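When a residue number appears, it is its place in the shown sequence, counting from 1. Please read all numbers here as calculations on a predicted model, not as lab measurements. The figures here come from the full heavy-atom set of this structure, side chains too, leaving out hydrogens, waters and symmetry mates.
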Amino acid sequence: MEDYYDDELNEYLQEMQYVTQLVNRYELSLRNDDNQYFDSDQLEDIFNFYLNINATHRAKQVLDVFAKMHPTDDTINLLRGQLLYEEGKNEELLSLLDAVDLRDYDLWHLLRLGALIQLHRYEEAEREGLDIIHSTSEDEKPRVTYNIAREFHQADCFEFALKFYEIGLLFDDKNRKLLMGAARCRGALSDYKKSFEYTDQLIELDPYNDEAWLIKATGYVSQHLYDEAIDAYDYAIAINPSNEYAWIAKVKALSSAMRDEEAYKCLDDMALQFSRYKDIAVTMKADILYARERYKEAHALYKKGFNLEAFSSESALKYLDCKLRLHRWKETIALGNDLCRIIKDDPTIYEKMADAYYELHDWKKATSTFHKAVMLDPDDGYLLLRYGTLLLDSGNIKKGEKQLQKAHKLYPQLPEPLVMLAVANYMKGDYVGSAIYLNEAYSIDKEQAQTFLRLCPKGNHIVDTIERINNRTENDNTGNGENGENTDKTEMKLE
């Protein structure tokens with residue numbers, strides 16, 4: 001096997017050691033105020049070190065030092081451009097780049113390319129990328145093309161990224177980074193056949209490439225070919241047992257394939273491989289039980305492995321839902337309050353807590369808590385529907401009707417908001433309004449008449465009228481005409 005990755009890793013580690021020593025010398029110079037000299041390349045390395053660790057205030061300080069030591073060096077503008085890019089000031093960055101004559105530098109073009117991508121000016125970015133490649137020497141084209149493709153890839157512009165990965169492969173068809181990028185993009189675009197061709201090339205070049213097997217596994221999962229995915233994950237784990245993602249992804253694939261016992265065994269093995277995954281393995285077992293609707297068993301495991309800080313948001317919400325489904329109302333509220341401190345601004349938590357308050361007949365807290373959920377996601381028609389229904393249940397008809405109107409406006413094709421509006425009008429004694437809404441719901445789904453009767457048992461006369469109107473319309477085939485409309489209005493003059 002070639003030592004490609006070992007060489008690359010060694011080169012990276014040596015570079016990091018050099019930069020770390022350089023930064024230490026720079027910081028010591030600042031503390032001692034001894035004005036040590038650093039050339040422009042060294043200051044650029046120090047600047048990039050701070051930028052990579054998000055220490056932008058220190059990066060700005062380096063720019064001040066650069067300006068004092070090298071007042072005539074225009075390349076400082078490229079560093080300023082990097083800072084603008086990191087801060088998302090892309091229009092300002094483009095103005096800076098246009099104002100300086102630094103087009104001979106690759107970084108000038110890459111910054112311009114990145115800014116155009118962030119501004120969603122993809123065609124301009126594509127032209128910029130092609131211009132960069134055209135002006136690059138032959139031996140540098142694979143590296144430069146990869147960097148261009150990666151800019152598009154990081155912005156999830158898979159089609160543009162793929163174009164540049166495949167251009168790069170024209171210059172070097174055995175370049176591992178380009179093959180990897182092309183395989184990932186083909187997979188993201190659901191072209192699994194071509195994606196697998198690239199991964200097969202990677203595996204032929206390097207049979208111990210666990211990332212190539214992971215890409216294949218992801219492609220199989222996307223096609224619901226879970227058995228094939230599991231085999232691919234096995235290869236990845238055999239090559240690199242410390243690849244945590246491969247273990248977790250394999251468990252999920254086993255669960256999707258309904259091979260639960262194997263999933264549990266895999267989780268036990270994972271916990272042995274990674275001691276810090278002991279609680280997480282228990283939680284993932286609970287997730288599988290939750291998916292099988294075995295809520296009592298899932299709850300017991302969630303409780304056993306519960307670690308508020310380490311729980312994933314998804315598992316925490318499932319634990320909360322288990323408590324609600326098992327009628328542990330007070331525990332639901334207590335856990336919900338804890339989760340609100342960890343998972344910020346999630347409407348689902350407030351929704352579950354409101355349900356618990358409702359079951360405890362605490363209408364005030366139920367409605368106020370549900371209101372918080374709606375405020376966090378005011379465009380969720382399902383939340384508005386449930387909130388409106390809760391308000392009706394608590395006797396606040398006016399406010400409930402308002403929320404139901406919002407839900408209907410967001411989802412006019414759904415019958416549920418309409419039937420609840422029919423209920424709201426019935427509750428306030430407006431039988432004609434109730435019939436109008438129920439008729440609209442009935443035209444979408446006839447079963448809504450029975451839903452209305454369950455909620456308004458004395459509303460038979462409204463349902464009878466709606467069914468009579470619709471039967472007549474079907475028989476006469478005049479429901480969309482002028483006479484049909486007059487008939488509907490006449491019939492809806494209810495007492």
Would you say [Y] and [X] are linked by a side-chain donor-acceptor pair, where the criterion is simply a distance under 3.5 Å?
X	Y	answer
His461	Tyr431	no
Asn240	Glu211	no
Gln448	Asp445	yes

Any salt bridge linking [X] with [Y]? Criterion: basic side-chain nitrogen under 4.0 Å from a carboxylate oxygen.
X	Y	result
Lys252	Asp287	no
Lys304	Asp279	no
Arg325	Asp321	yes
Arg276	Glu244	yes
Glu297	Lys285	no
Glu261	Lys265	no
Lys398	Glu401	no
Glu197	Arg186	no
Lys60	Glu87	yes

Flag yes if more than 12 heavy atoms outside Tyr235 fall under 6.0 Å of its OH atom; otherwise flag no.
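Counting other residues, nucleotides and ligands, OH of Tyr235 stays at 12 neighbours or fewer.
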Glu447, CD atom: more than 12 neighbouring heavy atoms under 6.0 Å:
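For Glu447, atom CD is not crowded (no more than 12 foreign heavy atoms under 6.0 Å).
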Do you know which two heavy atoms are closest between [X] and [Y], and how far apart they sit?
X	Y	answer
Ala435	Ile466	O-CD1, 3.2 Å
Ala183	Thr199	CB-CG2, 3.9 Å
Val374	Leu383	CG2-O, 4.2 Å

Close aromatic pair by centroid cut-off 6.0 Å: [X] and [Y]:
X	Y	result
Tyr220	Phe196	yes
Phe160	His153	no
Tyr290	Tyr295	yes

Taking C-beta and beyond as the side chain, do [X] and [Y] meet within less than 4.5 Å on heavy atoms?
X	Y	result
Tyr226	Met258	no
Leu418	Leu438	no
Gln405	Leu384	no
Glu27	Arg58	yes
Leu455	Met420	yes

Within the side chain of Asp362, is there an N or O that forms a donor-acceptor pair under 3.5 Å with the backbone of Tyr358?
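A pair under 3.5 Å: no.
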Are the side chain of Ser434 and the backbone N or O of Ala422 linked by a donor-acceptor pair below 3.5 Å?
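It does hold such a pair.
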Checking ring-ring contact (aromatic ring centres under 6.0 Å, His included) for the pair Phe370/Tyr350: CA distance, chi angles, key distance, verdict?
CA-CA 6 Å; Phe370 219 120; Tyr350 291 104; over 10 Å; no
